[in-house]
Amino acid sequence: MASASLLKSSPTVLDKSEFVKGQSLRQSSESVVRCHPTNATSLTVRASYADELVNTAKTVASPGRGILAMDESNATCGKRLASIGLENTEANRQAYRTLLVTAPGLGQYISGAILFEETLYQSNVDGRKIVDVLVEQNIVPGIKVDKGLVPLAVQMMSHGAKVLTALPPALLHTINREHVLPNGVPWCAFPTDHLHWTFEVAQKVWAEVFFYLAENNVMFVGILLKPSMVTPGAECKDRATQQVADYTLSLLQRRIPPAVPGIMFLSGGQSEVEATLNLNAMNQAPNPWHVSFSYARALQNTCLKTWGGQPENVKAAQDALLIRAKANSLPQLGKYTGEGESDEAKEGMFVEGYVY
């Protein structure tokens with residue numbers, strides 16, 4: 001439901017036995033946090049990591065740039081490859097990822113890339129490490145570290161990491177009980193156009209997220225958040241760009257501390273153009289955060305189709321990627337017009353029951 005990039009926490013450990021299904025949402029810090037003594041040397045080391053973390057977050061949240069999310073699992077990457085008739089092999093995954101990271105000038109619009117574990121250690125087709133190729137492009141490489149639900153407290157030793165959060169059953173029950181439409185239908189079955197109810201649910205979710213971030217001493221100045229926008233249902237014909245921007249900014253203002261350097265939105269099944277238009281609408285006035293993008297399909301969809309697995313199409317596919325990257329650089333600055341967009345870029349990408 002939500003994710004955090006470049007997450008840094010204090011050296012605390014949560015007891016897994018306390019993650020019991022159906023427990024109350026909040027417990028006192030004394031009951032869930034185990035503090036360990038430390039020495040001056042370790043404090044100095046942590047301070048240097050903290051400085052690097054803040055600097056990395058600021059680098060990623062630089063004007064006119066955003067994140068390329070290419071951290072699809074091998075299974076999900078296989079689905080993407082299958083859509084263009086390719087087998088899910090390491091060679092094909094390598095070829096596609098090479099296409100992405102070697103697009104000339106990509107770093108002008110992309111400041112960070114989230115990688116899957118395989119990609120972190122993978123070389124491109126020319127034998128150079130993908131991580132090194134990204135650094136040469138002035139792109140900060142990050143890694144999706146989650147492999148299931150574990151206690152929050154971890155020490156991040158790399159440039160950046162993406163950590164997913166899941167909603168506890170008790171929170172889902174509370175939201176479902178409290179947020180119903182006038183006819184008594186719970187929010188999880190709300191009609192397609194009820195932006196207000198999406199907003200109400202998101203407020204509760206983000207209140208809980210930041211409560212637990214604070215409980216675990218997460219350093220807000222060193223994180224980037226990757227939330228979804230407040231959007232209408234996928235089947236709603238009126239995409240209501242200005243309303244999406246207004247509701248989403250209102251959510252950020254009510255729930256996100258200004259100390260957080262950047263809000264890097266996911267596209268969430270929107271079309272390439274819709275995700276870009278909504279981002280542009282949110283940047284028509286100054287924000288206390290760097291409001292930008294961390295898109296996967298909304299950057300890659302046309303690129304993937306253009307490539308089609310054919311070596312002779314690599315340049316055209318890279319050009320398509322650069323077009324989308326630039327198209328999302330402009331709205332980060334509030335300067336996108338939408339002129340010249342293809343019909344294909346306007347096609348929605350919502351998949352019911354989508355699993356990442």
Side-chain angles (χ1 to χ4, degrees), residues 5-6 49 52-53 55-56 59-60 62 65-147 156-163 224 264 293-326 328-329 356:
S5 303
L6 308 173
Y49 284 142
E52 182 179 356
L53 193 71
N55 290 334
T56 300
T59 297
V60 176
S62 55
R65 300 205 293 168
I67 294 174
L68 169 61
M70 48 182 293
D71 57 325
E72 300 92 346
S73 67
N74 288 348
T76 300
C77 191
K79 294 177 183 178
R80 307 277 170 82
L81 293 175
S83 71
I84 58 171
L86 287 186
E87 187 180 354
N88 185 16
T89 64
E90 182 178 359
N92 285 336
R93 295 193 298 269
Q94 179 192 45
Y96 180 55
R97 290 162 179 164
T98 295
L99 181 159
L100 295 175
V101 302
T102 59
L106 185 63
Q108 182 178 348
Y109 315 113
I110 301 297
S111 55
I114 311 175
L115 310 179
F116 186 61
E117 181 180 10
E118 179 181 70
T119 322
L120 182 67
Y121 301 104
Q122 199 170 41
S123 297
N124 68 8
V125 294
D126 295 327
R128 291 184 297 157
K129 292 293 185 183
I130 286 179
V131 169
D132 294 337
V133 175
L134 288 168
V135 172
E136 289 170 8
Q137 290 256 47
N138 195 28
I139 297 172
V140 176
I143 177 69
K144 179 170 68 174
V145 297
D146 57 282
K147 291 188 175 181
M156 298 304 178
M157 309 297 284
S158 62
H159 285 291
K162 172 181 173 182
V163 181
L224 301 172
M264 321 300 283
F293 60 91
S294 179
Y295 294 162
R297 288 179 291 168
L299 283 172
Q300 298 180 40
N301 189 55
T302 300
C303 169
L304 180 66
K305 291 180 179 179
T306 302
W307 177 49
Q310 303 301 314
E312 63 269 24
N313 294 338
V314 167
K315 184 183 183 304
Q318 290 180 329
D319 289 344
L321 174 63
L322 292 171
I323 286 172
R324 289 261 47 89
K326 181 178 181 179
N328 285 292
S329 169
Y356 195 57

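FYI, side chains are in, hydrogens and waters are out, and symmetry mates aren't considered; it's all heavy atoms of this structure. Starting from 1, each residue takes its place in the sequence as its number. Quick caveat: nothing in here was measured; it's all calculated off a predicted structure.
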For a 4.5 angstrom cut-off between non-hydrogen side-chain atoms, does [X] reach [Y]?
X    : Y    : answer
M70  : F116 : no
L299 : I110 : yes
Y295 : L68  : no
Q310 : I84  : no

- Is it true that a side-chain atom of N138 and a backbone atom of G107 form a donor plus acceptor pair closer than 3.5 Å?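 Such a contact is absent between N138 side chain and G107 backbone.
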Any side-chain to backbone donor/acceptor pair from S329 onto A325? Under 3.5 Å, distance only.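 Such a contact is absent between S329 side chain and A325 backbone.
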Would you list the atom pairs, donor with acceptor, under 3.5 Å between side chains in residues 95-105 and any protein atom, with sequence neighbours excluded?
| residue | atom | partner | partner atom | Å |
| --- | --- | --- | --- | --- |
| Y96 | OH | Q300 | OE1 | 2.9 |
| R97 | NE | T119 | OG1 | 3.3 |
| R97 | NH1 | E118 | OE1 | 2.5 |
| R97 | NH1 | T119 | OG1 | 3.4 |
| R97 | NH1 | Q122 | OE1 | 3.2 |
| R97 | NH2 | N74 | OD1 | 3.4 |
| T98 | OG1 | Q94 | O | 2.8 |
| T98 | OG1 | V125 | N | 3.2 |
| T102 | OG1 | T98 | O | 2.6 |
| T102 | OG1 | Q318 | NE2 | 3.0 |

Suppose we screen for side chain to side chain donor-acceptor pair (under 3.5 Å). Which residues come up paired with [X], at least two apart in sequence or across chains?
X    : answer
S83  : none
N88  : R93
N313 : none
D319 : K315

ask   = Taking only residues at least two apart or on different chains, which pairs with a member in residues 123-132 satisfy salt bridge (charged side-chain N to carboxylate O under 4.0 Å, His left out)?
value =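 Passing the test, one end in residues 123-132: R128-E136.
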Sequence neighbours excluded, every pair satisfying salt bridge (charged side-chain N to carboxylate O under 4.0 Å, His left out) that has a member inside residues 98-110 =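 Residue pairs passing salt bridge (charged side-chain N to carboxylate O under 4.0 Å, His left out), neighbours aside: none found.
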Over all heavy atoms of both residues, which pair between I130 and N124 is shortest? Give the atoms and the distance, please.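 Heavy-atom minimum between the residues: CG1-N, 3.9 Å.
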Non-hydrogen atoms of L120 and V131 that approach each other most closely: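 Scanning both residues, the minimum pair turns out to be O-CG2, 3.5 Å.
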Residue pairs fulfilling side-chain hydrogen bond (donor to acceptor under 3.5 Å, both in side chains) with at least one residue in residues 104-113, sequence neighbours excluded
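Matches after skipping sequence neighbours: none remain.
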